[in-house]
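Notes follow once the structure below has been shown.
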Amino acid sequence: MNKKEVYDYIFPNGVYSNIRTNQQSFKKKFPELYNLIKENPNRRTPFLAEKLNTSVKNVERWIKALKAQNKIEFVGNPKTGGYILKKGL
């Protein structure tokens, strides 16, 4: 999926949950995060932040939005688990 398709799929009405972040950065990196989780399941936020060249805090905010939209979930225990797309996505 390209960035626009990912963004439109996750936020069909262009509305997203209450996220405190720069909108330009959010719109640019958010689809990249979705695709990164899709291509690299079971990865944690430090890996995702490194690949996206952003802070862990930003990734946590974006993950919070994905979880609010019921698109991803955390699997495994807190020390060794990671994020995956929900089944059927």
Side-chain angles (χ1 to χ4, degrees):
M1 296 174 116
N2 68 34
K3 289 181 184 183
K4 180 162 178 23
E5 290 171 337
V6 170
Y7 191 80
D8 290 343
Y9 171 73
I10 295 170
F11 303 112
N13 299 325
V15 177
Y16 51 92
S17 61
N18 218 355
I19 301 170
R20 294 181 321 184
T21 188
N22 179 326
Q23 280 191 356
Q24 294 295 345
S25 168
F26 178 78
K27 286 184 177 183
K28 179 182 176 194
K29 296 285 187 171
F30 193 78
E32 292 177 29
L33 173 63
Y34 181 83
N35 285 328
L36 191 59
I37 292 171
K38 184 178 181 179
E39 295 165 4
N40 300 283
N42 295 315
R43 295 298 188 140
R44 301 174 54 80
T45 52
F47 170 83
L48 300 170
E50 181 182 332
K51 290 294 183 183
L52 294 171
N53 197 27
T54 190
S55 69
V56 171
K57 188 65 177 172
N58 277 341
V59 172
E60 288 171 350
R61 286 185 195 117
W62 302 335
I63 284 175
K64 184 178 177 182
L66 281 171
K67 287 170 94 176
Q69 294 293 322
N70 210 24
K71 303 296 181 189
I72 65 169
E73 63 184 334
F74 189 88
V75 294
N77 66 38
K79 257 189 165 172
T80 60
Y83 292 96
I84 62 168
L85 298 182
K86 290 251 183 162
K87 299 286 185 208
L89 298 178

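What you see is a predicted model; the values in this text were computed from it and never measured.
The ring-ring contact (aromatic ring centres under 6.0 Å, His included) test applied to Phe74 returns Tyr83, not counting sequence neighbours. Partners of Glu50 under the side chain to side chain contact (heavy atoms under 4.5 Å, CB included) rule, at least two apart in sequence or in another chain, do not exist in this structure. Looking at residues two or more places apart in sequence or on another chain, you find a side-chain hydrogen bond (donor to acceptor under 3.5 Å, both in side chains) between Asn77 and Thr80.
Using a 4.5 Å cut-off on side-chain heavy atoms (C-beta onward), Lys86 and Asn70 make contact. Residues Arg43 and Ile37 form no side-chain contact, since every pair of their non-hydrogen atoms from C-beta on lies 4.5 Å or further apart. Here the side chains of Glu60 and Asn58 are not in contact, with every heavy-atom distance at 4.5 Å or above. For the pair Leu48/Ile63, a side-chain contact is recorded, criterion being any heavy-atom separation below 4.5 Å from C-beta on. Inter-residue side-chain proximity for Leu85 and Lys71 is flagged as unmet; no heavy-atom pair is nearer than 4.5 Å.
No cation-pi contact links Arg44 to Phe47, judged by a cut-off of 6.0 Å to the six-membered ring centre and 45° from its axis.
A single hydrophobic cluster is seen to contain both Leu52 and Leu66, as judged by linkage of ILVMFWY side chains at heavy-atom distances under 4.5 Å, directly or through other members. Under the 4.5 Å side-chain heavy-atom criterion for grouping Ile, Leu, Val, Met, Phe, Trp and Tyr, Tyr34 is connected to Leu36 within one hydrophobic cluster.
In this structure, CD in Glu32 is found 10.5 Å from CD in Glu39, a value given to the nearest 0.5 Å. Rounding to the nearest 0.5 angstrom, the gap separating the CZ atom in Arg61 from the OG1 atom in Thr54 is 9.0 Å. Once rounded to the nearest 0.5 Å, the distance linking NZ of Lys38 with CD1 of Ile72 reads 14.0 Å.
When all heavy atoms of Thr45 and Val56 are compared, the closest pair comes out as OG1-CG1, 3.7 Å.
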